[in-house]
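What's counted below: heavy atoms across the whole structure, side chains too, no hydrogens, waters or symmetry copies. Both ligands and their constituent atoms are indexed starting at 1 by order of listing.
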Amino acid sequence: VEPYAALVLGPALLLALLGPRWWDRLLARRGKEHWDSYEALAADYLEALQGMPTLRATGAVGRVRERLERRSAALHRTTVAKLRVSLVDTGLTDLAVQGGTAAAVLVACSSAATGRTAATGTYLLLLLASECFRPVRDLSREWHAGYLGVSAADGITGLRTAEAAVPDRGTVAADWASAPEIRFEDVRFTHPGSGRPALDGVSFTAAAGRTTAVVGPSGAGKSTLLSLLLRQRDPDRGSLTVAGTATAAYTLASLRRGIAVVSQDTYLFHATIAENLRIARPAATDEQLRAAARTAGIDQEIARLPDGYATLVGERGATLSGGQRQRLALARALLADAPVLILDEATSAVDERGQARIVRELAAAGRGRTCVVVAHRLDAVRHADHIVVLDAGRVAATGDHTTLLAGGGVYASLVAAGRTAQEERAA
Ligand SMILES: Nc1ncnc2c1ncn2[C@@H]1O[C@H](COP(=O)(O)OP(=O)(O)OP(=O)(O)O)[C@@H](O)[C@H]1O
Ligand SMILES: [Mg+2]
């Protein structure tokens with residue numbers, strides 16, 4: 001229609017497409033800064049809300065508020081910095097788009113004035129000049145709209161390519177017909193980033209269908225031992241077998257289904273009591289729920305709640321007392337009805353009378369299961385079939401209550417310390 005129009009439209013198009021590419025690297029850097037400060041603020045904010053009672057109790061609310069304010073000011077700064085670059089970017093594209101269109105209009109006017117094109121030609125030229133920039137405008141809009149996603153992509157890639165702490169390459173299904181034997185042999189494990197092994201040369205056997213207690217001072221490695229059994233981590237050295245097969249040879253899901261656990265810090269979900277219990281066993285009947293709660297010594301307390309088993313427990317079980325939360329977690333583990341039961345300080349927050357009763361009930365319920373019990377209060381473990389004393393990551397002694405007491409050492413000192421504490425309480 002008008003070859004001269006191509007001379008102005010072509011360069012304008014190229015400028016609109018390629019001009020902003022000069023800024024790409026700067027925009028990517030600003031985008032990442034923006035995203036990082038966004039993430040930092042979000043994480044801090046969530047932590048501050050969750051830890052509010054602690055912050056209030058320690059008088060740290062003001063300091064945390066200042067930190068949040070600093071972080072949100074940083075977010076403001078990075079947002080504006082990013083906006084500035086992307087505005088220049090948009091400005092350049094728009095300049096090329098509008099300038100190109102205006103130049104094409106001038107060309108159309110001049111060729112109409114000189115009579116080189118007819119009226120339809122001029123009309124066509126004007127129409128096409130604005131149309132040829134439409135894809136560029138669309139592209140530019142989508143590019144800016146999607147920029148937050150581009151900035152977040154690195155983090156998402158990191159997540160997608162992250163390696164699990166333990167590989168799930170086992171093929172054996174852990175459906176033990178009866179309670180299995182658990183055997184630790186010369187197990188050594190160092191937490192990632194820690195200089196000192198948490199477990200070093202640990203060997204012992206938890207007999208099938210029996211209760212084995214693991215005791216020892218705080219930081220001795222008891223919880224670490226249990227996390228290896230659940231395969232949250234694999235040992236650096238040595239072997240760990242359940243029913244004669246290495247834990248790594250089992251499929252992860254079946255291994256964990258075969259082991260019920262009450263961990264040292266229990267977690268309850270924002271749901272009803274019944275729903276929290278049924279996480280372990282969705283098909284459990286009401287009667288089974290009640291039986292598990294009875295063994296854990298919490299049945300009557302639940303019955304006294306206004307909505308009974310349908311009572312909502314709040315976030316992380318906030319509406320229950322510490323001891324109630326713990327017994328609920330215990331009931332949940334009992335309901336799972338797995339052949340292996342692991343209790344890490346499962347009754348530490350229960351009063352002494354309650355504990356004695358729960359220990360009796362547990363002993364009855366645990367019959368036919370392999371139980372591994374960790375407890376600081378030795379009354380909870382003195383009746384165990386076998387006691388393993390752990391000290392600084394090593395097995396200091398094994399035996400039962402009487403032989404260990406007679407042997408002196410760490411166990412006897414733990415018992416003596418427990419007795420002194422009891423006498424002091426009595427006095
Ligand atoms: N995730 C971790 N990263 C690094 N070190 C850890 C980690 N968890 C535990 N540790 C260290 O490993 C050692 C053993 O910890 P573990 O939790 O097994 O002790 P514990 O015997 O269960 O103590 P407690 O009786 O207080 O619960 C401690 O020195 C602890 O600091
Ligand atoms: Mg522990």
**Q.** Presence of N, O or S from Ser218 under 2.8 Å of the Mg ion (ligand 2)
**A.** no

Q) Looking at atom 27 (O) of ligand 1, what's its closest protein heavy atom, distance included? A) Gln264 NE2, 2.7 Å

Q. Is Thr224 close enough that one of its N/O/S atoms sits under 2.8 Å from the Mg ion (ligand 2)?
A. no

Q. Any idea which protein heavy atom is nearest atom 10 (N) of ligand 1, and the distance to it?
A. His191 CD2, 3.3 Å

Q.
Between the side chains of Arg237 and Asp186, is the shortest nitrogen-to-carboxylate-oxygen separation below 4.0 Å, so that they form an ion pair?
A. yes

Q: Quick one: closest heavy-atom pair of Asn276 and Arg332, and the distance?
A: O-CD, 3.0 Å

Q.
At under 4.0 Å between heavy atoms, is it the side chain or the backbone of Ala198 that contacts ligand 1, or both, or neither?
A. side chain

Q | Salt bridge present between Asp44 and Arg67 (N-O < 4.0 angstrom) | A | yes

Q) Glu345 to ligand 1: N or O pair under 3.5 Å? A) no

**Q.** Nearest non-hydrogen protein atom, atom 26 (O) of ligand 1
**A.** Ser218 OG, 2.5 Å

(Q) Under a 4.0 Å threshold between the charged nitrogen and the carboxylate oxygen, would Asp200 count as salt-bridged to Arg394? (A) yes

Q: Would you check whether His376 reaches within less than 4.0 Å of ligand 1, judged by its heavy atoms?
A: yes

Q: Assign the ring pair Phe204 / Phe184 to parallel, tilted or perpendicular, where the plane angle (0 to 90°) is split at 30° and 60°.
A: parallel

Q) What class does the angle between the rings of Tyr38 and His34 fall in, given that below 30° is parallel, 30 to 60° is tilted and above 60° is perpendicular? A) tilted

**Q.** Considering all heavy atoms, the nearest Val136-Cys132 contact
**A.** CG2-O, 4.4 Å

Q. For atom 20 (P) of ligand 1, is some protein heavy-atom partner under 4.0 Å away?
A. yes

Q. Which ligand 1 atoms are under 4.0 Å away from a heavy-atom of Arg196?
A. 29 (O)

Q) Among protein heavy atoms, which sits nearest to atom 18 (O) of ligand 1, and what does the distance come to when rounded to 0.1 Å? A) Thr224 OG1, 2.5 Å

(Q) To check your reading of the model: name the closest protein heavy atom to atom 25 (O) of ligand 1, its residue, and the distance in Å. (A) Lys222 NZ, 2.8 Å

Q | Nearest-neighbour protein heavy atom for atom 17 (O) of ligand 1, which is reported as residue plus atom name and distance | A | Ser223 CB, 3.6 Å

Q: Using a strict 4.0 Å cut-off to heavy atoms of Ala220, name the atoms of ligand 1 that fall inside it.
A: 19 (O), 21 (O)

Q. Does a side-chain heavy-atom distance below 4.5 Å link Thr224 with His191?
A. yes

Q.
Using side-chain heavy atoms (C-beta onward) and a distance below 4.5 Å, is Gln324 in contact with Ile298?
A. yes

**Q.** Nearest neighbour in protein (non-hydrogen) for atom 28 (C) of ligand 1
**A.** Gly219 O, 3.9 Å

Q) Is Asp236 salt-bridged to Arg188, cutoff N-O under 4.0 Å? A) no

